[in-house]
2 protein chains.
Amino acid sequence: MTPIDLAAAEVDTPKLGRKRDHTRDPEILAAALDVLAETGYDRMTIDMVATRAKAGKATLYRRWASKAELVIDAVACMKNAGIDMANLPDTGTLRGDLVANIKPHSIQDGDRKIHVMAGLMSMISCEPGLADAVQSAIVEPRARVNRLLLQRAIDRGEIPADCDMEKLSLLVASMAMYRTMVQRKTANREFLISVIDELLLPAVGLRP
Amino acid sequence: MTPIDLAAAEVDTPKLGRKRDHTRDPEILAAALDVLAETGYDRMTIDMVATRAKAGKATLYRRWASKAELVIDAVACMKNAGIDMANLPDTGTLRGDLVANIKPHSIQDGDRKIHVMAGLMSMISCEPGLADAVQSAIVEPRARVNRLLLQRAIDRGEIPADCDMEKLSLLVASMAMYRTMVQRKTANREFLISVIDELLLPAVGLRP
DNA sequence: CATATCCGAAACTCAACGGTTTCGGATATA
DNA sequence: TATATCCGAAACCGTTGAGTTTCGGATATG
């Protein structure tokens, strides 16, 4: 490549002709998440994603430099997927808030996130950016909701202020992850409510 | 191969010459577990295991038909590795028993088991035998100990008999797994005791 | 001591997959 | 309408790793 070619390559002048179609990017990322959740990072191939998204492999590589970048992007775009922090339920009791938060949609979203995490588990320690992406897109949003609901309960004097908010906010997620990954059962509504009633509420001194 | 050769191959007559040396099998399985815990199933190679065990790759294939069988065998042989069900601590209180069970050795053993599980996570859904091996070698032994300690507490009237023993016996393991895999922090003695004091004991009505 | 078998090392085969390139056809811009 | 760029499909390349084979040296058995 001559210096002239280099200069031409550096300047991006996409003025004439068809523009790149970015409308299908979300579909591709969704396909990537599906394959990831089903088969895990290492066994997932670019071909699988392309086929599922009904796109060419070359199209994927035009947008993401590598498999790793595609996956990181896909995980990042799950952020706040099933959570609207704006209008959380406010029922007046901790149990009411927690239970109201268990909707079919959020159960399904949580299940998907756990499966994605399982698919990334072995890879998460190699790829540095991956741990961050998982943390901020999967783990943190859920924990934030629980922290808020707990804080409300503290503010209204329903539960003691010196409770271990950090562990409490991760309790349901931990049990759901264990149930899904290890016991290979689904963390359905019944299970989640049972964790709340048998573990979380008793732990803060509330007998349901 | 002629019928005569086949017949000769079917009959195993290792009468003369050197016998196969099985004394190093445990070292090889231990090496496999180390690599598994460090790199995960998919990125683990037979060469890595052979090198770590200072053995030839051919030696491994003389004993195990495939990578999958080697790993299943390695996981299966962790059974009861760090647990002696025979003489568990019996301090007279649930907290005493649970805390007495947290020894440096058992912390390390638990940590290793979690890392092995993380390495197997994505693979566990493909290989059918793997889920069973993990269940009976990693998950069940720990749960059994906790169930026993909880049952003792019930028998002596320390905690209510209608508590959710199943979830309680998995609580510590769930939190430890979440902390190790997701938060990527170590589940050390301080953490484990804190889970017992802040979550488990309050949940059964005991304020420490 | 003789020999059948084992061992570790290394070379080898083969398939899968990440990543690149090419190509004919479609399409948005001018 | 003309053209520059896009698209999906498919062929292609290079590497990696599972599994096999070969080989010289070691060793237990007889």
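Within every chain, numbering begins at 1; the chains are lettered A, B, ... in the order of the sequence lines, protein sequences first and strands thereafter.
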Self-check item: Gln108(B) atom CD: more than 12 heavy-atom contacts under 6.0 Å
Solution: no

Quiz item: Separation of Tyr41(A) atom OH from dC17(C) atom P, in whole Å?
Solution: 14 Å

Quiz item: How about Ser122(A) and Asp42(A): does a side-chain donor come under 3.5 Å of a side-chain acceptor?
Solution: yes

Self-check item: Atom pair distance, as rounded to whole Å: CZ in Arg20(B) and P in dC7(C)
Solution: 6 Å

Self-check item: d(CD1, Ile46(A); P, dC17(C)) in whole Å
Solution: 12 Å

Quiz item: Could you state the NZ-P distance from Lys19(B) to dT5(C), rounded to the nearest angstrom?
Solution: 11 Å

Taking only nitrogen or oxygen atoms into account, show me every contact under 3.5 Å that the protein makes with nucleotides 25-27 of chain C, one pair per line with its distance.
none

Exercise. Please confirm whether Lys67(B) makes a cation-pi placement over Tyr41(B), using NZ or CZ under 6.0 Å from the six-membered ring centre and within 45° of the ring normal.
Key: yes

Quiz item: Distance-only, no hydrogens or angles: does the Arg179(A) side chain make a donor-acceptor pair with backbone N or O of Phe191(A) under 3.5 Å?
Solution: no

Quiz prompt | Contacting residues from residues 49-67 of chain A, given that a heavy atom lies under 4.0 angstrom of DNA chain C | solution = Lys57(A), Ala58(A), Tyr61(A), Ser66(A), Lys67(A)

Practice problem: For Met48(A), answer base if it contacts any base atom (sugar-phosphate contacts may also be present), sugar-phosphate if it contacts only those atoms, and nothing otherwise; contact means non-hydrogen atoms under 4.0 Å. | Solution: nothing

Quiz item: Asp42(B) has an atom CG; how far is it from atom P of dC17(C), in whole Å?
Solution: 11 Å

Quiz item: Does Leu192(B) reach the side chain of Val172(B), with side-chain heavy atoms less than 4.5 Å apart?
Solution: yes

Quiz item: Contact class for Arg24(B) vs. all strands (heavy atom < 4.0 Å): base, sugar-phosphate, or nothing?
Solution: sugar-phosphate

Practice problem: Please assess Glu38(A) against Arg43(A) for the test salt bridge (Lys or Arg N to Asp or Glu O under 4.0 Å), listing each intermediate value before the final yes or no. | Solution: CA-CA 10 Å; Glu38(A) 285 167 23; Arg43(A) 304 172 74 82; over 6 Å; no

Practice problem: Give the C-alpha distance, both sets of side-chain angles, the deciding distance and a yes or no for side-chain hydrogen bond (donor to acceptor under 3.5 Å, both in side chains) between Asp21(B) and Thr23(B). | Solution: CA-CA 6 Å; Asp21(B) 175 20; Thr23(B) 65; 2.7 Å; yes

Practice problem: Round to the nearest Å and state the distance from Asp47(A) atom CG to dA15(C) atom P. | Solution: 18 Å

Quiz item: Taking atom P of dC7(D) as reference, at what distance in whole Å does atom CD of Glu27(A) sit?
Solution: 13 Å

Practice problem: Begin with the C-alpha distance, continue with both residues' side-chain angles, and end with the deciding distance and a verdict on salt bridge (Lys or Arg N to Asp or Glu O under 4.0 Å) for Asp109(B) and Arg142(B). | Solution: CA-CA 11 Å; Asp109(B) 176 67; Arg142(B) 288 288 174 137; 3.0 Å; yes

Exercise. Would you name the heavy atoms of Gly129(A) and Ile72(A) that are closest together and state the gap between them?
Key: C-CD1, 4.3 Å

